[in-house]
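What follows is a set of notes on a single structure, which appears directly below.
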Amino acid sequence: MHIGALAERTGMSLRTLRHYDETGLLKPSGRSEGGFRLYTDDDLARLLVIRRMKPLGFSLDEMADLLEVVDQLRASAGSTGSADGADSASSGYNAADTHGSLRARLDAYVESAQERRAELARKLDMADEFIALLRST
């Protein structure tokens, strides 16, 4: 799909999508012969994750890091090494340690998202109290 269709489906601006491309947060999967950005359903899913992080106040760097963690976890879940672990030994790292480190990073993002959501809920409660106060005046 072209950038306009992606913008329409997500409610995000073309400027934002171009910025995400320029910063590397969301690269299009391809380009048309005319050089137009082309996005897939996987790109759409990735953008929806980004869109859900925005109201929680995650920075672009945090968004990029989380997406990298998710990508690596999915890749490690899809890869199959040899039964004796030779693949991980020959590459110089322990796959179980790497997976554990990635899970810990993901868990930290989950905890941060929960804390940020709780803060937003507190602010929403305060806004509701304010509106009620105004209505009672």
Side-chain angles (χ1 to χ4, degrees):
M1 78 187 85
H2 285 98
I3 191 170
L6 185 68
E8 187 174 318
R9 288 182 69 177
T10 61
M12 300 182 88
S13 71
L14 296 174
R15 181 178 179 191
T16 296
L17 297 177
R18 289 184 185 113
H19 177 68
Y20 289 166
D21 180 11
E22 292 165 5
T23 61
L25 189 60
L26 180 72
K27 290 284 189 188
S29 289
R31 295 265 181 178
S32 70
E33 288 182 21
F36 295 101
R37 294 169 177 88
L38 297 175
Y39 296 92
T40 64
D41 286 339
D42 287 341
D43 297 329
L44 171 63
R46 189 174 184 88
L47 182 58
L48 291 175
V49 170
I50 294 166
R51 189 182 74 182
R52 290 176 181 120
M53 293 180 77
K54 280 184 72 168
L56 295 175
F58 286 99
S59 70
L60 293 179
D61 288 339
E62 290 170 319
M63 291 179 196
D65 184 57
L66 174 63
L67 291 169
E68 180 65 24
V69 168
V70 170
D71 289 346
Q72 288 182 26
L73 283 169
R74 288 181 179 155
S76 69
S79 67
T80 56
S82 64
D84 65 0
D87 287 347
S88 61
S90 66
S91 62
Y93 70 93
N94 182 319
D97 288 346
T98 301
H99 182 79
S101 172
L102 291 171
R103 290 297 318 173
R105 285 170 59 196
L106 180 62
D107 291 345
Y109 277 109
V110 170
E111 184 176 334
S112 179
Q114 289 171 328
E115 290 169 359
R116 293 168 188 233
R117 188 207 176 278
E119 179 61 24
L120 285 174
R122 283 190 290 277
K123 289 179 180 180
L124 184 58
D125 288 342
M126 290 172 55
D128 289 343
E129 290 174 9
F130 176 66
I131 292 168
L133 177 67
L134 291 177
R135 286 186 174 152
S136 68
T137 303

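All values derive from a computational prediction rather than experimental measurement. One is the number of the first residue; the rest follow in order along the sequence.
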Can you measure from [atom1] ([X]) to [atom2] ([Y]) and round to the nearest 0.5 angstrom?
| X | Y | atom1 | atom2 | answer |
| --- | --- | --- | --- | --- |
| D61 | L25 | CG | CG | 9.5 Å |
| S32 | R37 | OG | CZ | 10.5 Å |
| E8 | H2 | CD | NE2 | 14.0 Å |
| H99 | L106 | NE2 | CG | 9.5 Å |

(request) Return yes if some donor-acceptor pair links the side-chain N/O of R51 with the main-chain N/O of T10 below 3.5 Å, else return no. (result) yes
(request) Verify, without hydrogens or angle tests, whether R116 (side chain) and L56 (backbone) share a donor-acceptor contact under 3.5 angstrom. (result)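 Yes; judged by distance alone, with no hydrogens or angles, the pair exists.
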(message) So that I can tick it off, tell me whether D21 and R31 are bridged by a salt bridge, with the cut-off set at under 4.0 angstrom between side-chain N and carboxylate O.
(response)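 A salt bridge is present here (some side-chain N lies under 4.0 Å from a carboxylate O).
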Determine whether [X] and [Y] make a side-chain contact, defined as any pair of heavy atoms from C-beta on separated by less than 4.5 Å.
| X | Y | result |
| --- | --- | --- |
| I50 | L67 | yes |
| L38 | M1 | no |
| L66 | F58 | no |
| L47 | Y20 | yes |
| R46 | D42 | no |
| D128 | L124 | yes |
| L60 | H19 | yes |

(message) Hydrophobic clusters here meaning ILVMFWY residues chained together by side-chain heavy-atom distances under 4.5 Å, can you tell me if L17 and F36 are in one?
(response)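 They do not share one cluster, since no chain of ILVMFWY contacts under 4.5 Å joins L17 to F36.
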(request) Give the cluster check for L102 versus V110: same hydrophobic cluster or not, with ILVMFWY residues linked at side-chain heavy-atom distances below 4.5 Å. (result)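 No, it is not one cluster - the side chains of L102 and V110 are not joined through contacts under 4.5 Å.
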(request) Decide yes or no on side-chain contact (heavy atoms from CB on, under 4.5 Å) for R105 and D65, but give the supporting numbers first. (result) CA-CA 9 Å; R105 285 170 59 196; D65 184 57; 2.3 Å; yes
Where is the tightest heavy-atom contact between [X] and [Y], given as atom of each residue plus distance?
| X | Y | value |
| --- | --- | --- |
| P28 | D43 | C-OD2, 4.2 Å |
| A7 | S13 | CB-C, 4.5 Å |
| P55 | R52 | CD-O, 3.5 Å |
| L73 | S76 | O-OG, 3.0 Å |

(message) Can you confirm whether E62 is buried at CD, in the sense that more than 12 heavy atoms of other residues, nucleotides or ligands lie under 6.0 Å from that atom?
(response) yes
(request) Assess whether atom NZ of K54 is packed by more than 12 heavy atoms of other residues, nucleotides or ligands within 6.0 Å. (result)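 No - once you tally the heavy atoms of other residues, nucleotides and ligands closer than 6.0 Å, there are 12 at most.
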